[in-house]
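Here the structure is laid out as structure tokens; the discussion comes afterwards.
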Amino acid sequence: MNAIRIEALTKRYNVGFWRPRPYLALDGLTLQVAAGEVFGFLGPNGSGKTTTLKLLMQLIFPTSGSAEILGRPAGDAAVKRRIGYLPEHPYFYDYLTAEELLAYFAGLFGYAAAERRRRASALLDEVGIGAERRFPLRKFSKGMLQRVGIAQALINDPDVVFFDEPMSGLDPLGRREIRNLILRLRDRGCTVFFSSHVLSDAEALCSRVAILAGGRLIAGGPLSELLAFQVRGWELLMSGLDAAVLERFRSGPAITGATPLGGGRFALELPLGIPPERTLAELVAEGAQLVSLTPIRDTLEDVFVERVAAAARSRRLEHPQP
Amino acid sequence: MRAVRHIAVNVFRESVRDKVLYSLVLFAVLLIATSYLLGQLTAGQDIKIIKDLGLASISVFGLLIAVFIGIGLVWKEVERRSIYSLLAKPISRAEFVLGKYAGLVLTLLVNIGVMTIAFYAVLVYLGWREIPEVREAWPAPAADPAMLGAIGLIAIELMLVTAIALFFSTFSSPFLSAVLTLGLWVVGHFNADLRDFEAVVESRPAVWLARTLYYVLPNFSAFDIKAQVVHAQPVGVGYLAQTAIYGLVYIALVLVGAAVVFSRRDFK
Ligand SMILES: Nc1ncnc2c1ncn2[C@@H]1O[C@H](COP(=O)(O)OP(=O)(O)OP(=O)(O)O)[C@@H](O)[C@H]1O
Ligand SMILES: [Mg+2]
């Protein structure tokens, strides 16, 4: 079953006061996210990620198109009981403490007072807010607010969560904690839909991603597919390699590069065309020892930069500037 | 309904933690408390002046409180985007508007209650201090319960002002909302003049326009029975009930309008 179904979703703003011109913040986005998936929603600044999430939360209304969450139209009361949402740069009532805020939100789901307190304190533990939970939120730093924002999104044990840049403002430790939290959510069967600029996080967490640019979907699919055909070669670390042997291999096609690493070890670059097992076997036969063998593949960042640049080029062709 | 109550309680909590509101109420109570000094100055021991002043204080400070809390609350929530996470919870935008309003009314009524208690405390003290001969000469006792009727209508009037302020704040800035609300309040006090417009003007369309405005604009002067109660003229229960119902129906219509406007807007 699809947890999220987005059909030709479009949002047009009219910008300019005297002569309003239409501006497409989101242009016919079609997307499905399966239940239980961790889905990364990527794209450069201003590409329409936040717009999409706000449309899904019905904070803004689409110009055309539709969106369904858990098989029901977005904004449906029954849907809202089962989802969580972390807005971009979250901000909350500054006169409440973190504890009070979470208890307040829990109350909106109809939990009894004791249960509200229990959930609030468990979630604040989970996102690493300690004694500060008794402070009014106006005294919270950016990263602490972000953590509270994540906690409030999980107050109802949601089946689907929407995070708009969950890692924004977090320290390295916090980012690792949130990464682990997302993995725990996934293990619990929760669908996670998150936008991010931190591609290494998306790479580590997501099963599938979508890349947006200029309000349009420009790439999408399983991460393995997006990155698999981008394997560029292999990196082989060997020790005990004789200099003369290396020289001989270097002159052939099997090794395209070699970097001495100290301690008598070498990092060798193997091309894609020749099976790395064969080169390895030959080197081992020459008395060298294997340290490691890893594929050199494009990172999500490489794919991202390449696709976004290509999309920008094709847009320039569609709309040439005078 | 649970959501409405929850939001209302939170609004009340917000206003309890707001220092500006405290200073307003404190100032009003002080003013009422010191009004008996005025009674000493005018040696005629005219308790009417003190009653006048007290009711006017409740009405003016109540208006300030109603406008002050009514214009900012929804706007602030949208402007600071705290509404984003709130509306993702299982509540509708109409429930949000109703909850905010209920919380504002709760705040308003508590404030009016505090001012009323201060007012009656001063009156009881003055009545007790006065010599019996003077007391006999008063047209009504110092702590006249009939004044509660006047305060009740003031409360309903201010609830209507709050609803109007809330309505404007669902789509405009606090400054504009304050100007519009106060403007409507002033116009609404002269509303009764519009009904008898044909006595002044000949032109048919102008009279029609005046008539329409008379029915559409809130008739705030109807809520003002301060002069009657101070001068111990009887005000019928029928009039009180009728005016209260008028106010409540008007409030309901304004709230429906606010909910409709708020349900359609984009949060940018
Ligand atoms: N209220 C608005 N009026 C006009 N244009 C808007 C409005 N809100 C957003 N936009 C435009 O829509 C586009 C998409 O914005 P959006 O906030 O969705 O980007 P984003 O992908 O979330 O970017 P970022 O990575 O910086 O958060 C932007 O070009 C922005 O200028
Ligand atoms: Mg964004």
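Each chain gets a letter, A, B and so on, in the order the sequences are listed, and its residues count up from 1.
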* Checking A:K54 against B:F267: charged group under 6.0 Å from the ring centre and within 45 degrees of the axis? -> no

* Structure fact -> d(A:Q58 CD, B:L87 CG) to nearest 0.5 Å is 10.5 Å

* Asked: Tell me, side chain or backbone of B:S15 under 4.5 Å from chain A's heavy atoms, or both, or neither?
  -> neither

* **Distance (rounded to the nearest 0.5 Å) between B:R5 CZ and A:L108 CG** => 11.0 Å

* Using non-hydrogen atoms only, which part of A:D76 is less than 4.5 Å away from chain B: side chain, backbone, both, or neither? -> neither

* Would you call B:E95 and A:K80 a salt bridge, using N to O less than 4.0 angstrom? -> no

* Which region of B:K76, side chain (C-beta onward) or backbone (N, CA, C, O), has a non-hydrogen atom less than 4.5 Å from a non-hydrogen atom of chain A, or is it both or neither? -> neither

* **Test side-chain hydrogen bond (donor to acceptor under 3.5 Å, both in side chains) applied to A:Y95 and B:R13, B:E14, B:R17, the passing residue** => B:E14

* Please flag which part of A:P90 lies under 4.5 Å from any non-hydrogen atom of chain B: side chain, backbone, both or neither. => neither

* Distance from B:K89 atom NZ to A:I155 atom CD1, nearest 0.5 Å? -> 8.0 Å

* To do: Indicate the atoms forming the closest heavy-atom contact of B:D266 with A:I60, along with that distance.
  => OD1-CA, 3.2 Å

* Structure fact -> Ranking A:Y104, A:Y85, A:F105, A:Y93 by heavy-atom pairs under 4.5 Å to chain B gives rank one to A:Y104

* Atom CD in B:E77, atom CZ in A:F92: separation rounded to 0.5 Å? -> 11.5 Å

* Contact leader toward chain B among A:A153, A:P136, A:G110, A:A77, where contacts are heavy-atom pairs under 4.5 Å -> A:G110

* Top of B:S92, B:A88, B:A3 for chain A proximity - count of heavy-atom pairs under 4.5 angstrom -> B:A88

* Please look at B:R93 and chain A and tell me whether the side chain, the backbone, both or neither of the residue comes under 4.5 angstrom of a heavy atom of that chain. => side chain

* Asked: OH/A:Y91 to CZ/B:R81 distance, rounded to the nearest 0.5 angstrom?
  -> 10.0 Å

* Structure fact -> Turns out that what part of A:F162 lies under 4.5 Å from chain B's heavy atoms comes down to neither

* Structure fact -> Tightest non-hydrogen contact, residues A:G107 and B:R2, listed as O-NE, 3.9 Å

